[in-house]
Amino acid sequence: MADAAVDFAAASTEALQDRQLRTNFRRAMDGLMSKRAVQFADQAEWHAMRALGASVRLRALAKLPELLERLEETCTRNGIRVHWAATTDEANAIILSIMRGADARLAVKGKSMVTEEMHLNAFLERHGIEILESDLGEYIVQLDESTPSHIIMPAIHMNTRQIARLFRRKIKEAEDTEDVARLTDLARRVLRRKFAAAEVGLSGVNVAVAETGTLCLVENEGNGRMCTTVPPVHIAVMGLEKVVETLEDVPPILSLLPRSATGQPITTYVNMISGPRRPGEKDGPREVHLVILDNGRSGVYADGELRDTLRCIRCGACMNHCPVYTRVGGHAYQAPYPGPIGKILVPQMEGLEKRGELPHACTMCNACVEICPVKIPIVGILGRLRSEAVHAGGSVKGAGSHASRAEALVWKGWAATFASPAAYKVATLAMATLGNAAPSALPLLKEWTSARVKPRFAPESLHRLAAKKGIPDA
Amino acid sequence: MNSPDASAIPRPDTVYYFGTCLVDLFYPEAGMAGIELLQAQGLRVVFPQGQSCCGQPAYNSGHRAEALKVARAQLPLFLEDWPIIVPSGSCAGMMRRHWPDLFRGEPDEARAVAVAGRVWELTQFLVTVLRVRLEDKGEPVRVTWHASCHAQREMGVVEEPKALLRQLANVELVELKRERECCGFGGTFAVRHPEISAAMVGDKVEDIAATGAARVVSGDCGCLLNITGALAAGEVPVRGQHIAQFLKERTHG
């Protein structure tokens with residue numbers, strides 16, 4: 001990731017021009033929205049499930065430091081080696097040293113957004129280790145030398161034809177077909193060979209249970225289980241917020257996650273990992289490592305209002321329902337987490353100086369808030385981030401970096417005018433005269449009139465009409 | 001869920017009217033129509049001349065001190081315990097849902113919370129409290145309804161405006177395919193991200209045109225500015241109108 005500010009506006013403008021991309025996203029998001037709606041057709045059930053999901057996450061966050069300590073203790077007791085990483089660099093270094101200890105040349109990986117956050121693949125390749133994505137979507141994206149455009153469906157921006165072309169270009173044994181079953185079969189054949197050869201398997205963690213030291217992983221393809229059971233060493237990576245207190249806290253999340261994400265009542269595979277292979281067991285890795293990453297999360301945690309960001313269970317429903325995401329797709333955000341959750345999470349992790357524009361990539365329509373299964377007040381948090389971006393001294397990294405004297409002056413003038421009835425009266429008269437005479441080429445008006453005609457101020461304000469008609473003042 | 005509790009207030013004799021700045025500047029006839037609809041129900045409507053804006057533009061841009069200053073100037077205008085009727089879901093949502101946060105920890109917090117608790121979106125008040133029965137005096141017409149995001153998701157107003165339109169015998173209401181999707185206005189969003197906003201309003205215009213309606217009716221002037229501006233730019237022959245003005249036209253003959 002470049003150090004300069006990331007230009008969402010430029011990237012989204014480019015994305016909008018790609019007609020195929022827009023069609024792919026619209027179709028995919030429409031499908032996901034309707035599938036989710038079927039799962040939550042019963043409103044009473046939805047409200048009950050959601051309240052339970054939110055309470056599980058809230059309770060876990062309320063005792064997060066304590067639960068993390070317990071998780072380390074129970075995992076260690078189970079034979080899982082726990083590593084702590086404050087930064088992505090530290091996490092990458094830890095993983096590299098485990099791999100070197102295992103003489104690894106090839107690693108297979110299940111889906112994990114945290115490792116995208118760490119740019120782990122590029123890091124390992126720089127150090128001479130081949131790493132293969134085994135989730136079909138991730139595999140496609142990796143072949144395409146790109147990044148996921150969605151946290152649940154990484155290759156959702158591509159259609160079958162594009163994927164078939166990619167396979168032909170990149171896989172020697174590919175045949176000329178657009179048949180989904182045959183394309184999937186081809187990927188499976190390639191992946192199977194790698195599962196058997198890899199010295200290390202990597203995975204994410206959907207939920208970690210403090211009480212029992214259990215790592216829960218959900219997936220649909222079975223590749224995740226191959227990664228965590230076939231290679232002799234398994235490394236799981238998680239953000240420090242993923243912990244819950246007890247095993248009983250897991251089912252509500254397992255129920256909300258797939259329903260919200262893909263509209264499935266449950267995923268095909270639920271893996272519960274409680275340690276390495278034990279004497280007498282026929283399979284499983286000989287070593288299991290858990291890397292717990294902070295990367296700015298403890299800073300988010302420290303602020304009572306921003307902490308709600310960490311409730312996220314990474315279902316991606318906010319993306320599926322976001323009218324902005326639907327138009328521009330995930331790559332425009334140039335971040336591991338796109339869409340509404342990305343707009344609040346990424347600026348907090350990477351700093352407002354670099355990502356201060358992201359919270360503005362939103363009409364505040366609240367569609368994301370309405371469907372979030374754990375009730376994250378996404379729009380409220382991005383309002384707070386907008387405020388932090390223009391005021392120094394806040395708790396978010398880079399607070400005040402977008403403070404512009406000109407903008408501050410405009411709002412001061414606005415407040416002075418709108419807080420004084422006399423000033424407001426004069427200003428509305430002036431606005432009507434000047435506003436209607438203003439040329440469309442002026443800044444702001446130019447942007448507005450790129451797709452709309454210029455609005456006309458009314459000759460008489462409601463204040464004057466009401467006075468004329470004798471509507472009482474007080 | 002977010003709506004004020006109708007059973008908690010008896011039918012009042014007098015109500016306050018908060019016109020909002022966009023109505024004041026761009027749609028004053030819609031504002032007057034709202035007042036007249038309330039008067040037609042036998043209510044005394046008070047319009048405090050000192051009012052200006054709910055503070056939302058600054059609040060949403062991250063300038064909360066300025067939003068607070070403007071919101072605070074509105075408080076003394078609504079001293080009596082009367083309902084405050086707002087012909088805009090967005091401004092009603094700002095006052096009802098966000099003023100309590102905006103004033104948190106301020107000396108006048110309790111007063112702001114009390115004022116916020118009396119705020120109603122116009123159609124919500126007409127249906128829930130006044131239980132209006134409308135008589136249609138107009139010619140047959142096909143219309144469609146644009147739902148504003150904040151009316152739906154902050155004020156919980158979804159069915160009320162459509163229920164009012166359905167009371168009109170000669171009005172055929174055709175619902176949009178994507179009724180609940182944002183039109184792309186979003187205040188400063190429309191000029192900060194003009195291309196995305198244009199794509200959103202472009203899709204909305206297409207959806208509206210596909211209904212074959214002669215008019216698109218909405219309860220929010222921000223959306224109306226955006227949608228009617230795009231309809232005109234695309235030379236789509238559909239008229240946009242605020243629901244208050246439409247209802248007044250239909251019922252006053």
Side-chain angles (χ1 to χ4, degrees), chain A residues 9 12-13 16 22 323-324 327-328 360-367 369-370 380 383 385-391 407-408 411-412 414-421 424 428 431-432 444 447-458 460-467 469 471-474, chain B residues 17 19 21 23-29 31-32 35 44-50 52-53 57-64 66-67 69-70 72-73 77 101 149-150 153-154 180-182 184-202 225-226 229-230 232-233:
Chain A
S12 61
T13 303
L16 282 167
R22 274 188 72 181
V324 173
R327 293 333 187 281
V328 304
H360 287 281
C362 171
T363 64
M364 298 190 144
C365 81
N366 280 284
V369 176
E370 187 175 60
L385 295 176
R386 286 181 181 188
S387 167
E388 292 247 341
V390 294
H391 295 105
E407 196 189 319
W411 286 112
K412 281 216 172 359
W414 172 86
T417 309
F418 281 71
S420 150
Y424 180 71
T428 49
M431 274 191 270
L444 302 185
E447 281 76 25
W448 178 265
T449 52
S450 63
R452 311 159 193 88
V453 298
K454 204 178 93 178
R456 288 200 63 80
F457 286 88
E460 279 194 308
S461 68
L462 176 61
H463 280 73
R464 291 197 39 195
L465 285 184
K469 299 237 175 178
I471 309 298
D473 180 356
Chain B
Y17 198 72
C21 58
V23 169
D24 196 36
L25 296 170
F26 294 102
Y27 295 95
E29 310 83 11
M32 264 321 293
I35 293 176
R44 192 170 90 92
V45 181
V46 171
F47 181 89
Q49 282 283 335
S52 62
C53 171
Y59 184 76
N60 281 356
S61 301
H63 293 269
R64 294 185 175 182
E66 286 75 16
K69 185 173 176 180
V70 171
R72 178 169 280 148
L77 305 171
D101 282 332
C149 297
H150 292 169
R153 304 195 179 102
E154 290 190 343
R180 292 176 65 75
E181 189 171 279
C182 178
F185 175 58
T188 53
F189 177 82
V191 291
R192 265 184 195 265
H193 293 292
E195 285 91 355
I196 308 175
S197 178
M200 289 167 71
V201 75
L225 273 181
N226 187 37

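Naming convention: chains lettered A, B, ... in sequence-line order (proteins, then strands); numbering from 1 in each chain. Computed from a predicted structure; not experimentally measured.
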Over 12 non-hydrogen atoms of neighbours within 6.0 angstrom of NZ in A:Lys412:
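Result for NZ/A:Lys412: open.
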Identify the two heavy atoms, one from A:Ala416 and one from B:Lys69, that lie closest to each other, and give their separation to 0.1 Å.
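So the minimum-distance heavy-atom pair works out to CA-NZ, 4.1 Å.
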Under a 4.5 Å cutoff for heavy-atom pairs, which residue among [options] has the most contacts with chain B?
options	value
A:Ser450, A:Cys362, A:Ala389	A:Cys362
A:Ala361, A:Ala432, A:Ala408	A:Ala361
A:Ala415, A:Cys365, A:Pro421, A:Ala458	A:Cys365
A:Arg452, A:Glu407, A:Glu370	A:Arg452
A:Leu465, A:Leu385, A:Thr417	A:Leu465

What class does the angle between the rings of A:Trp414 and A:Trp411 fall in, given that below 30° is parallel, 30 to 60° is tilted and above 60° is perpendicular?
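Rings of A:Trp414 and A:Trp411: perpendicular, over 60°.
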For the residue pair A:Trp448 and B:Phe185, does the interplanar ring angle fall in the parallel (under 30°), tilted (30 to 60°) or perpendicular (over 60°) class?
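Perpendicular.
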Tell me, side chain or backbone of [X] under 4.5 Å from chain B's heavy atoms, or both, or neither?
X	value
A:Leu444	both
A:Tyr424	side chain
A:Thr428	both
A:Arg456	backbone
A:Met364	both

Look at A:Lys469 together with A:Glu460 and state whether they make a salt bridge at an N to O cut-off of under 4.0 Å.
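Looking at A:Lys469 and A:Glu460, the cut-off is not met.
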Which one, B:Glu66, B:Gln49, B:Arg180, leads in non-hydrogen pairs under 4.5 Å with chain A?
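If we count pairs closer than 4.5 Å to chain A, B:Gln49 comes out on top.
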